[in-house]
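Worksheet: one structure, shown below.
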Amino acid sequence: MQRIGVLPLCRTTFDVEYAGSRLEPVLGALRQSGVRVVGQPCLLTDNAAAADALCRLVEEGVDRVLVVQTTFTDAECIVYIAGKVQVPLAIWALREPRSGGRLRLNSFCGLNLASHALGLRGHEFTWLCSDPEHATDEDIRTLFRPASPGRQCRMPDSPANRRGLEIAAGLRGARIGQVGAPPPGFDTCSHDSQDLDRLAGIEVVPVRMETLFDTAREIGRDRVEAARHDLDASLSGLDAVDPVPLECSLRLSPALSDMAGSNGLDAMAVRCWPEMFTEYGGAVCGPVSILGQSGIPCACEADVHGALSQLILQRVAQAPVFLADMVDMDPDDDSAVVWHCGQAPLSMRDPDAPCVVTVHSNRKLPLLFEFPLKPGKITLMRISRSQGTYKMVLLGGRMLRRPLAFSGTAGVVRFEQPVARMMQDIINCGLEHHLAIAYGDHRLMLRSVAAALGLPILDL
């Protein structure tokens with residue numbers, strides 16, 4: 001009988017009570033499958049608690065360590081665990097109902113971050129994303145088997161055409177403003193400025209977060225009122241949120257626009273938490289949507305590669321783009337949910353659904369937008385450095401007309417290949433958690449851009 005040491009990771013910004021209620025069924029499914037659970041698993045809400053629990057497991061002796069991703073976490077803790085254990089590592093992520101409300105766990109996205117960070121460091125692991133009630137004995141046996149390899153990249157089949165060459169050449173000299181650094185444990189958002197210069201002639205312009213905050217505070221009252229007036233014409237609910245943080249958030253829109261203009265920025269990557277809430281007092285999600293709609297793509301979590309992906313896709317599609325997380329995969333429905341807190345460009349709204357103002361699901365401050373994405377053909381793209389090598393990741397799919405899956409801006413996608421296979425590819429290839437999305441099928445032109453940049457393609 002295998003001795004499995006279980007480490008249930010959790011973060012208090014998510015629904016801790018719900019996460020706790022999902023842990024016991026996981027432990028029950030493990031015991032039912034015939035493995036021995038070692039230790040006394042309980043929710044580990046910070047890295048110190050996880051490190052202490054890991055020490056106890058090592059002392060007791062286990063055949064494998066299983067991280068239960070009860071909620072989203074950054075990858076810092078899992079990287080630490082992988083570096084300390086001498087036995088195989090597995091990760092079990094949980095699914096959650098598409099309720100239309102708060103994303104209570106966001107567990108799959110945590111698995112996504114972990115797969116990227118572990119892939120960069122050459123750590124093998126096995127994984128499962130399932131409700132414990134639906135996990136079969138075979139699923140659990142697979143969780144404890146050797147790791148599976150990811151898909152291989154290939155060079156573009158044909159040389160770049162004229163427009164692809166022009167788009168690639170147009171990137172040289174482009175400037176991406178990075179406001180703040182990625183949060184700790186977000187290897188998915190890290191970059192190397194010299195690599196980006198060699199790859200595409202991109203210059204990354206660092207900007208201190210305090211500079212953004214000071215610029216926003218100095219925005220004149222007339223511009224704040226103008227920003228509010230513009231929003232009143234396209235959405236509802238501004239009067240329903242706290243006016244003090246709302247004004248803070250409204251100030252960020254002209255502040256970001258001014259900073260882009262004064263620094264000659266073509267795109268931006270902004271550290272959106274926690275200081276945006278804890279030190280400044282308002283969310284940047286709504287302003288990011290406004291900026292993207294105006295033609296300046298803006299990535300959250302200071303994701304410079306995400307901003308570059310948006311910039312390329314916007315120039316190919318000649319339309320606004322949305323940088324989204326993949327937060328749910330449903331093999332039974334053969335669909336996935338792309339989501340972010342509330343920052344999709346307004347032109348992506350399903351015209352049959354309202355656009356309303358909301359607050360951040362974890363931090364409870366405005367300004368965020370809430371609407372489902374409109375149906376239609378889409379392209380998803382990422383300039384990725386998964387497993388340590390640059391590549392262009394391409395996916396095709398169709399946004400379905402579905403009710404809002406989770407609060408914020410979200411859409412339900414059906415890919416061209418089965419979602420069960422897509423989930424395998426995303427995790428086994430260690431891809432980043434942010435993907436740029438545009439309406440239409442632009443993969444042919446993107447392949448041409450990749451050829452011009454000398455980038456291999458991971459075509460999913």
Side-chain angles (χ1 to χ4, degrees), residues 72-75 103 106-117 119-120 176-192 196 202 204 267-273 276 284-285 288-289 291-292 296-314 317 320-329 336-345 348 368 373 378-387 390-395 397 399 406 408-411 413 415 422-423 425-427 429-438 446 455 458 460:
F72 174 87
T73 64
D74 65 65
L103 191 59
N106 201 17
S107 177
F108 179 79
C109 193
L111 169 62
N112 200 164
L113 253 73
S115 71
H116 179 77
L120 286 178
I176 296 176
Q178 184 186 28
V179 184
F186 276 67
D187 290 344
T188 52
C189 299
S190 64
H191 77 282
D192 184 298
L196 285 176
I202 295 290
V204 179
M268 301 185 79
V270 180
R271 179 178 169 112
C272 52
W273 61 270
M276 200 68 67
V284 77
C285 310
V288 163
S289 169
L291 208 67
I296 304 173
C298 190
C300 63
E301 294 164 342
D303 181 4
V304 169
H305 289 135
L308 175 59
S309 303
Q310 289 176 285
L311 182 62
I312 293 172
L313 185 55
Q314 176 180 279
V321 295
F322 174 34
L323 193 71
D325 293 353
M326 199 84 70
V327 297
D328 184 54
M329 298 277 197
V337 176
V338 292
W339 167 92
H340 237 149
C341 312
Q343 63 186 49
M348 291 187 172
L368 286 78
L373 302 184
I378 60 168
T379 300
L380 302 94
M381 188 274 276
R382 170 85 190 188
I383 301 299
S384 169
R385 63 176 192 96
S386 64
Q387 298 175 342
Y390 272 103
K391 59 187 73 68
M392 179 184 286
V393 179
L394 288 177
L395 301 81
M399 200 75 71
F406 300 108
T409 48
V413 181
F415 298 112
M422 182 67 67
M423 182 162 51
D425 287 342
I426 288 172
I427 301 304
C429 293
L431 299 185
E432 294 89 343
H433 70 305
H434 288 158
L435 290 164
I437 301 172
L446 287 166
L455 278 175
L458 182 58
L460 304 183

In this structure, CD of Gln310 is separated from CD1 of Ile437 (nearest 0.5 Å) by 10.0 Å

When every non-hydrogen atom of Leu113 is compared with those of Gly185, the smallest separation belongs to CD2-O, 3.8 Å

Distance col, row Phe322:CZ vs Leu313:CG, nearest 0.5 angstrom, shows 13.0 Å

- Query: side-chain contact (heavy atoms from CB on, under 4.5 Å) between Val338 and His340: does it pass, once the steps are laid out?
  - Reply: CA-CA 7 Å; Val338 292; His340 237 149; over 6 Å; no

Rounded to the nearest 0.5 Å, the CD1 atom of Ile426 sits from the CG atom of Leu431 at a distance of 6.5 Å

Legend entry - Side-chain heavy-atom pair Cys429, Leu458 within 4.5 angstrom cut-off: yes

Closest non-hydrogen atoms of Phe406 and Asp328, given as atom of the first, atom of the second and distance, are CE1-CB, 4.3 Å

Rounded to the nearest 0.5 Å, the OG atom of Ser309 sits from the CD atom of Gln314 at a distance of 12.5 Å

With sequence neighbours left out, the residues meeting side chain to side chain contact (heavy atoms under 4.5 Å, CB included) with Pro320 are Gln293, Pro345, Ser347

Which of His434, Glu432, His116, His305 passes side chain to side chain donor-acceptor pair (under 3.5 Å) with Ser384? Answer is Glu432

When every non-hydrogen atom of Cys285 is compared with those of Leu368, the smallest separation belongs to CB-CG, 3.7 Å

Fill in: Chi angles and distances behind the ring-ring contact (aromatic ring centres under 6.0 Å, His included) call for Phe108, Trp339
CA-CA 12 Å; Phe108 179 79; Trp339 167 92; over 10 Å; no

Rounded to the nearest 0.5 angstrom, the CG-CG distance for Leu111 and Asn106 is 11.0 Å

| Any donor-acceptor pair under 3.5 Å linking the side chain of Arg271 with the backbone of Ala181? | yes

Between Val270 and Cys298, the two heavy atoms sitting closest are CG2-SG, 3.6 Å

Between Met392 and Leu446, the two heavy atoms sitting closest are SD-O, 3.4 Å

To the nearest 0.5 Å, atom NE2 of His191 lies from atom CD1 of Ile202 at 11.0 Å

Report the C-alpha separation of Asn112 and Phe72 in whole Å, then their side-chain angles, then the decisive distance to 0.1 Å, and conclude whether the side-chain contact (heavy atoms from CB on, under 4.5 Å) test is met.
CA-CA 9 Å; Asn112 200 164; Phe72 174 87; over 6 Å; no

Take Arg385 and Asp192 through the test side-chain contact (heavy atoms from CB on, under 4.5 Å) and record every step on the way to the result. CA-CA 10 Å; Arg385 63 176 192 96; Asp192 184 298; over 6 Å; no

In terms of heavy-atom contacts, Lys391 and Leu455 come closest through N-CD2, 3.9 Å

